[in-house]
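All remarks here apply to the structure that follows.
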Number of protein chains: 2
Amino acid sequence: MTLNYPNGKPYRDERARWKPPSVAGYANRGMTLEDDLNATNEYYREHGIAIVHKKPTPVQIVRVDYPKRSAAVIKEAYFRQASTTDYNGVYRGKYIDFEAKETRNQTAFPLKNFHAHQIRHMEQVVAHGGVCFAILRFSSLQETYLLDASHLITRWNEQQSGGRKSIPKREIEQLGHYIPLGCQPRIDYISVVERVYFTLSGENS
Amino acid sequence: MTLNYPNGKPYRDERARWKPPSVAGYANRGMTLEDDLNATNEYYREHGIAIVHKKPTPVQIVRVDYPKRSAAVIKEAYFRQASTTDYNGVYRGKYIDFEAKETRNQTAFPLKNFHAHQIRHMEQVVAHGGVCFAILRFSSLQETYLLDASHLITRWNEQQSGGRKSIPKREIEQLGHYIPLGCQPRIDYISVVERVYFTLSGENS
């Protein structure tokens, strides 16, 4: 049976629309979470809710051709490891900073999804009073959580001294905050930020 | 006469070290101001003063080779126009956002150094309570100023409706804030931010 919205457009179940991350390799990993966040951030900007952008992929440019009468072409470049998280911006004057990752693992979130540079950056942002967290998606379960950076940093540091290499899903459920999948916006993480960092913490300033 | 620091390293006059922007073209324009800001931001991070990074250059990647046993090589890519300013980060919990530009003009700062997207982004940041400004350098005069985004936005909008295509230097001196060139850090813009946006405005929160 085909369901339609009142405007006649076919109803598309978020779960049916979901494509698992490509197995082709690293480059495609997390693509769909990124798409959802880009759409969400665009919604936030258009509706004056928050100004958050994904940072461009860092690239080391080695060779550029300048053909006559057309745009410069980069002919040789390499991917660089990011020294910060991927997303940052402003919400109610405060600095917002986060990293977004997904896993197909169903019971725990592997810490290898993060780099030492990113954790170090998160520590700095927390020290300077910024709002800092990770958006973690269990992609095969369709579940997305916001986890404050402090928990991620603790688990990361424990791992460095021989602790476990992942965060159990149960712990993320307890310490983190579930972000329901929506339509507009798709991942309304700012509602969670508002509740956790502004309302509950008594304005956190 | 050669001057040395007490540690024996030669004293290098900031003015002597200054290289004028290359005339080779757009790609090199502003390189030295960028160098100074990168060094300044590194100093701020290392000394726990603020966390500010330059965003990577946005690049549209078209073709990537994945050679066996070596890193992926980007074989075709193009420069994209940035949709935001180049620098952002956190200082005392607040969101900081700015663009940095230099001109060899000695009497006025041409507005063509900015793109419509950047001005639009600045308007949004101001609307959301972020600290937003431009760092403007008159490179042949060795003078650098911090100008609040509101002034830049006003002049930009006037230009759109037939107003002048540059901001007179006298106006920048009056409305902006001179940033002395230093050694460590080279461009201490955070001292100006502290004074203008935190101290003078009564914490601005």
Side-chain angles (χ1 to χ4, degrees), chain A residues 24-27 42 44-46 48-66 70-80 82-86 88-97 120-132 197 203-205, chain B residues 24-27 42 44-46 48-66 70-80 82-86 88-97 120-132 197 203-205:
Chain A
Y26 186 81
E42 197 179 325
Y44 287 155
R45 288 196 298 274
E46 282 171 2
I49 293 166
I51 307 300
V52 177
H53 287 267
K54 182 176 188 295
K55 292 190 180 181
T57 304
V59 157
Q60 181 71 45
I61 297 167
V62 175
R63 193 160 62 84
V64 183
D65 278 9
Y66 296 93
S70 62
V73 189
I74 298 163
K75 288 292 202 178
E76 184 185 354
Y78 298 90
F79 293 102
R80 281 191 295 130
S83 50
T84 67
T85 50
D86 273 357
N88 71 0
V90 56
Y91 172 64
R92 293 179 57 183
K94 293 274 281 188
Y95 178 73
I96 307 288
D97 189 300
R120 176 87 189 95
H121 173 72
M122 287 180 159
E123 284 174 341
Q124 292 177 325
V125 170
V126 170
H128 285 269
V131 169
C132 191
Y197 296 96
E203 287 298 309
N204 193 32
S205 63
Chain B
Y26 185 81
E42 198 179 324
Y44 287 155
R45 289 197 297 273
E46 283 172 2
I49 293 165
I51 308 299
V52 177
H53 286 268
K54 180 174 190 297
K55 291 189 181 181
T57 304
V59 157
Q60 180 71 44
I61 297 167
V62 175
R63 193 160 62 83
V64 183
D65 277 10
Y66 297 92
S70 61
V73 190
I74 299 164
K75 288 291 201 178
E76 184 185 355
Y78 298 89
F79 293 102
R80 280 190 295 130
S83 51
T84 67
T85 50
D86 273 357
N88 72 0
V90 57
Y91 172 64
R92 293 179 57 181
K94 292 274 281 189
Y95 179 73
I96 307 289
D97 189 301
R120 176 85 189 97
H121 173 72
M122 287 180 160
E123 285 175 340
Q124 292 177 325
V125 170
V126 170
H128 285 268
V131 168
C132 192
Y197 295 96
E203 288 298 308
N204 192 33
S205 61

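No hydrogens, no waters, no symmetry mates; every other heavy atom, side chains included, goes into these values. In what follows, every chain begins at residue 1, and chains take the letters A, B, ... in the order their sequences are listed.
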Most contacts with chain B, counted as non-hydrogen pairs under 4.5 angstrom, among [options]:
| options | answer |
| --- | --- |
| A:Ala127, A:Gly130, A:Gly89 | A:Gly89 |
| A:Ile49, A:Asp97, A:Val62 | A:Ile49 |
| A:Lys55, A:Lys75, A:Glu76 | A:Lys75 |

Self-check item: Min side-chain heavy-atom separation A:Ile61-B:Phe79 under 4.5 Å
Solution: yes
Self-check item: Side-chain heavy atoms of B:Ile74 within contact of A:Val59, under 4.5 Å
Solution: yes
Quiz prompt | B:Arg63 versus chain A, the contacting section by heavy-atom distance below 4.5 Å | solution = neither
Quiz item: Does the pair A:His121 and B:Ile51 meet the rule for a side-chain contact (heavy atoms from CB on, under 4.5 Å), with working shown?
Solution: CA-CA 8 Å; A:His121 173 72; B:Ile51 308 299; 3.8 Å; yes
Quiz item: Distance from A:Thr84 atom OG1 to B:Lys54 atom NZ, nearest 0.5 Å?
Solution: 12.5 Å
Quiz prompt | Approximate separation, where rounding is to 0.5 Å, of A:Ile96 CD1 and B:His128 NE2 | solution = 11.5 Å
Exercise. If the plane angle is over 60° it's perpendicular, under 30° parallel, otherwise tilted; pick one for B:Tyr95 and A:Tyr95.
Key: parallel
Quiz item: Where do B:Gln124 and A:Arg45 land on the side-chain contact (heavy atoms from CB on, under 4.5 Å) test, with the steps shown first?
Solution: CA-CA 8 Å; B:Gln124 292 177 325; A:Arg45 288 196 298 274; 4.3 Å; yes
Quiz prompt | Where B:Pro58 and A:Pro56 come nearest, the two heavy atoms and their spacing | solution = CA-CB, 3.8 Å
